[in-house]
Amino acid sequence: MAAAEPASPPAVRDVDVYPAKSAALPVYRWKQAPKGLATRRQLRQMRLRPGGHDPVATIECRGGKRRAWLYEIDKALPVRPMTLAKELALDKAMEARQRCPLCRRRYFHCLPLKTLGSCLECYDGTPADPHSYLNPRPPTPAQHRAGGLTAA
């Protein structure tokens, strides 16, 4: 009986020959992805979006500590234009992160509401730079309606 020949090492390829058990997509190393594939950020720079298509591969960087999905550029769609309703919704969401619930000032940066619950001036008296916030919104006056007294 002849001895089995030793297995030759796999050919050197850009694709990871032994991907993670949970990965069903090819894994490329940093700067070795083929032309025609891009990450979400790269698509965004090209004014494109994945458009509902699933990723076709992943890219690994920092020694496998970070991964990003890769999408086909040919299947990407142009980004949707910003509408007034979208802009108002985004502004409302940002206002919730920038407005102090105690003094009602709207700052030009996000406040630590989860940890402190207010701006620094309300929390510990640290004076805020007057150029870092907008004056508080005046409270809306109550209006009489047929159903009773309601806030406007």
Side-chain angles (χ1 to χ4, degrees), residues 13-152:
R13 296 172 40 187
D14 289 343
V15 178
D16 193 357
V17 181
Y18 306 106
K21 292 177 183 169
S22 63
L25 301 174
V27 179
Y28 295 98
R29 305 243 188 279
W30 178 249
K31 294 191 177 184
Q32 293 184 349
K35 300 279 185 202
L37 298 181
T39 63
R40 290 179 70 94
R41 284 187 180 198
Q42 291 168 336
L43 288 176
R44 189 67 178 178
Q45 286 176 339
M46 295 182 256
R47 309 279 300 154
L48 297 172
R49 61 186 169 94
H53 295 287
D54 292 329
V56 295
T58 58
I59 191 164
E60 234 179 37
C61 57
R62 298 193 183 194
K65 293 180 183 176
R66 297 245 176 152
R67 288 182 178 233
W69 300 113
L70 292 173
Y71 299 90
E72 291 182 83
I73 296 174
D74 297 338
K75 292 183 180 178
L77 301 175
V79 293
R80 295 184 186 115
M82 181 67 74
T83 63
L84 183 60
K86 233 190 212 183
E87 191 174 348
L88 288 173
L90 288 172
D91 184 57
K92 188 176 178 182
M94 285 305 296
E95 182 179 5
R97 297 176 66 196
Q98 294 173 338
R99 189 171 295 279
C100 176
L102 301 177
C103 65
R104 306 296 303 153
R105 293 178 182 158
R106 182 171 179 178
Y107 287 83
F108 295 119
H109 58 276
C110 294
L111 298 174
L113 297 176
K114 285 185 180 179
T115 55
L116 303 182
S118 65
C119 64
L120 285 175
E121 189 164 348
C122 293
Y123 180 72
D124 63 3
T126 304
D129 180 17
H131 299 292
S132 68
Y133 61 86
L134 299 171
N135 286 329
R137 214 175 15 189
T140 55
Q143 295 179 346
H144 289 281
R145 293 194 181 174
L149 185 67
T150 60

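Listed by first then second residue, pairs satisfying salt bridge (charged side-chain N to carboxylate O under 4.0 Å, His left out) with a partner in residues 33-52 number zero, not counting sequence neighbours. Among residues at least two apart or in separate chains, side chain to side chain donor-acceptor pair (under 3.5 Å) pairs with a member in residues 112-122 are Arg105-Glu121. Sorted by first and then second residue, the salt bridge (charged side-chain N to carboxylate O under 4.0 Å, His left out) pairs with a member in residues 69-80 read Glu72-Lys75; sequence neighbours excluded.
Every residue two or more places apart in sequence or in another chain that forms a ring pair (Phe, Tyr, Trp, His ring centres under 6.0 Å) with Tyr133 is listed here: Tyr107. Residues satisfying the side chain to side chain donor-acceptor pair (under 3.5 Å) test with Asp129, not counting sequence neighbours, are none. Scanning for salt bridge (Lys or Arg N to Asp or Glu O under 4.0 Å) contacts around Lys86 gives an empty result, with sequence neighbours left out.
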- Task: Determine, stepwise, if the pair Tyr28 / Leu37 fulfils side-chain contact (heavy atoms from CB on, under 4.5 Å).
- Result: CA-CA 11 Å; Tyr28 295 98; Leu37 298 181; 4.3 Å; yes
- Message: If you apply the rule side-chain contact (heavy atoms from CB on, under 4.5 Å), what do you find for Trp69 with Asp54, and how did you get there?
- Response: CA-CA 9 Å; Trp69 300 113; Asp54 292 329; over 6 Å; no
- Query: Under the side-chain contact (heavy atoms from CB on, under 4.5 Å) criterion, do Met82 and Leu90 qualify, and how do the steps go?
  - Reply: CA-CA 10 Å; Met82 181 67 74; Leu90 288 172; 3.7 Å; yes
- Message: Between Cys110 and Met94, does the side-chain contact (heavy atoms from CB on, under 4.5 Å) criterion hold? Intermediate values first, please.
- Response: CA-CA 8 Å; Cys110 294; Met94 285 305 296; 3.8 Å; yes
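In terms of heavy-atom proximity, Leu48 sits nearest to Val79 at O-CG1, 3.6 Å. What you find for Arg106 and Asp91 is that their closest heavy atoms are NH2-OD1, 3.0 Å. Considering every non-hydrogen atom in both Ala96 and Leu113, the closest pair reads O-CD1, 3.4 Å. Contact record, Ile73 with Met46: CD1-CE, 3.9 Å, taken as the closest heavy-atom pair. Between Thr39 and Ala68, the closest heavy-atom pair is CG2-CB, 4.0 Å. The two atoms that bring Arg67 and Thr58 nearest to each other are NH1-OG1, 3.7 Å, heavy atoms only.
Between the CZ atom in Arg104 and the SG atom in Cys122 there is a gap of 11.0 Å [rounded to 0.5 Å].
Looking at heavy atoms from C-beta onward, Tyr71 lies in side-chain contact with Leu43 at the 4.5 angstrom threshold.
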